[in-house]
Protein chains: 2
Amino acid sequence: MSSESDTAEKMTAALRKAGIRVTRQRIALLGVLAEATDHPDAVELHERAKTVEPSVSLATVYRTLSVLEEQGVVHRHSFEGGGARFETTHEEHHDHILDVDTGEVIEFQSDKIEQLQDEIARELGYEVVHHRLELYCRKKT
Amino acid sequence: MSSESDTAEKMTAALRKAGIRVTRQRIALLGVLAEATDHPDAVELHERAKTVEPSVSLATVYRTLSVLEEQGVVHRHSFEGGGARFETTHEEHHDHILDVDTGEVIEFQSDKIEQLQDEIARELGYEVVHHRLELYCRKKT
DNA sequence: AATGAATATGAGAACTATTCACAACTGTAA
DNA sequence: TTACAGTTGTGAATAGTTCTCATATTCATT
């Protein structure tokens, strides 16, 4: 199991390797991303980053998130309602259950579904580049 | 197999039954929705509706689409990139493949995937209210 | 056909999430 | 330490959608 600082360092290394500058603002954002266990949006990440590096602007948060997404170190999700939400890619691939009452996000993973997706695409002459699977659920009574 | 006017009439009936007024603008929109075989967005639906009823405004298109969604006669999709796109609910439930190169939308249906989704949710103490499954694909070479 | 009351409409302002333009600043390789 | 390309904050701009409000329309009742 890797620590938050491990995760942040790995992301930093990925940036350096790609010739992308590691600025104070980016360090702050990488830090909050690494320690986030939820799926925060850009405004929330901005709030958190400001406690570390008060100068960070929201525009920079957005710009940096796009850079990080391009570098493959964060994933952007667009769940129903509200803006995009982010998480680091240091975990295994997974999809999401959204609790429609509480807004809670639960991660799950199903090889079978992934396989079926590939099969369906293949039969239609396609290959899956990426997918989006979200289950909007309610707690069973 | 039902005709476009059947579909439009069913939608009209649903509105009447719910005590919702059937206006010229709504008739125009229901018409274009019924005959659409693609997945148009609000602006596109507005264009099409204007050819039938020139007075329709974009605001009314949006308002009516929300009403129709509440009444369960249209589905709203938020595919990656761009705004919401709509289709009538007169077909069987299905999910979508999006061709990442051409933007083409292909419909597919998989009972197995649906079952697996229910299973996964159930194991975690949830029941699926609705889901979103989109495969972003590229044509196989 | 006329009435009336609630509902729907068009126009444009407002709003939300995000990106852009640009002048000033800063990380990094030399 | 310098040089310069990449990055930043600010505020303006954009896209998609919803809201406000005065006017117009639908439709059940007469």
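First the proteins, then the strands, lettered A, B, ... as listed; each starts at 1.
- Bounding nucleotides for the chain B contact on DNA chain C, 5' to 3', at a heavy-atom distance below 4.0 Å, are C:dA6 to C:dG12.
- OP1 or OP2 of D:dT26 has not a single side-chain nitrogen or oxygen of B:Q25 nearer than 4.0 Å.
- The distance from atom CD1 of B:I106 to atom CG of A:L124, rounded to the nearest 0.5 Å, is 7.0 Å.
- Defined by atom type and a distance below 3.5 Å, a donor-acceptor pair is missing between the side-chain atoms of B:E87 and B:H75.
- One hydrophobic cluster, built from ILVMFWY side chains closer than 4.5 Å, holds both A:L15 and A:I27.
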Show me the donor-acceptor pairs within less than 3.5 Å that the side chains of residues 112-123 of chain B make with the rest of the protein, sequence neighbours left out.
residue	atom	partner	partner atom	Å
B:E114	OE2	B:H93	NE2	3.0
B:Q117	OE1	B:H131	ND1	3.2

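- The nearest heavy atom of DNA chain D to B:R63 and to B:A84 marks one nucleotide each, and the one closer to the 5' end goes with B:A84.
- A heavy atom lying under 4.0 Å from DNA chain D marks the following residues of residues 12-23 of chain B, by number: B:R16, B:R21, B:V22, B:T23.
- With respect to A:R138 and B:E127, no salt bridge is recorded, no charged nitrogen being found less than 4.0 Å from a carboxylate O.
- When only modelled atom types and interatomic distance are considered, B:H130 and A:E134 share no side-chain donor-acceptor pair under 3.5 Å.
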Name every donor-acceptor pair, under 3.5 Å, that has one atom in a side chain of residues 45-53 of chain A and the other anywhere in the protein, sequence neighbours excluded.
residue	atom	partner	partner atom	Å
A:H46	NE2	A:V56	O	2.9
A:H46	NE2	A:L58	N	3.4
A:R48	NE	A:E44	OE2	2.8
A:R48	NH1	A:D38	OD1	3.3
A:R48	NH2	A:D38	OD2	2.7
A:R48	NH2	A:E44	OE2	3.3
A:T51	OG1	A:R48	O	2.6
A:E53	OE2	A:R24	NH1	3.3
A:E53	OE2	A:S55	OG	2.8

Take B:E104 and B:H39 through the side chain to side chain donor-acceptor pair (under 3.5 Å) test and state the conclusion after the steps.
CA-CA 9 Å; B:E104 199 187 349; B:H39 297 73; over 6 Å; no
CA sep, side-chain torsions, deciding dist, call: B:R63, B:S66, side chain to side chain donor-acceptor pair (under 3.5 Å):
CA-CA 5 Å; B:R63 277 186 293 233; B:S66 293; over 6 Å; no
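- A distance of 3.5 Å separates CD in A:Q71 from CD1 in A:I20, rounded to the nearest 0.5 Å.
- Cluster membership for A:L133 and A:V129, using ILVMFWY side-chain heavy atoms within less than 4.5 angstrom, is not shared.
- If you take CG of B:D41 and P of D:dT17, they are 7 Å apart, rounded to a whole angstrom.
- Close to D:dT17, at under 4.0 Å from its OP1 or OP2, lies a side-chain N or O of B:Y62.
- In this structure, A:L68 CG and A:T88 OG1 are separated by 10.5 Å, a value rounded to the nearest 0.5 Å.
- For the contact set between residues 42-61 of chain A and DNA chain D, defined by any heavy atom under 4.0 Å, the members are A:S55, A:V56, A:S57, A:A59, A:T60.
- A:H77 and A:F79 have parallel rings, their planes meeting at less than 30° on a 0 to 90° scale where 60° marks the start of perpendicular.
- At its two ends the helix from C:dA1-D:dT30 to C:dA30-D:dT1 runs along axes set 30° apart, each axis drawn from five pairs and the angle rounded to 10°.
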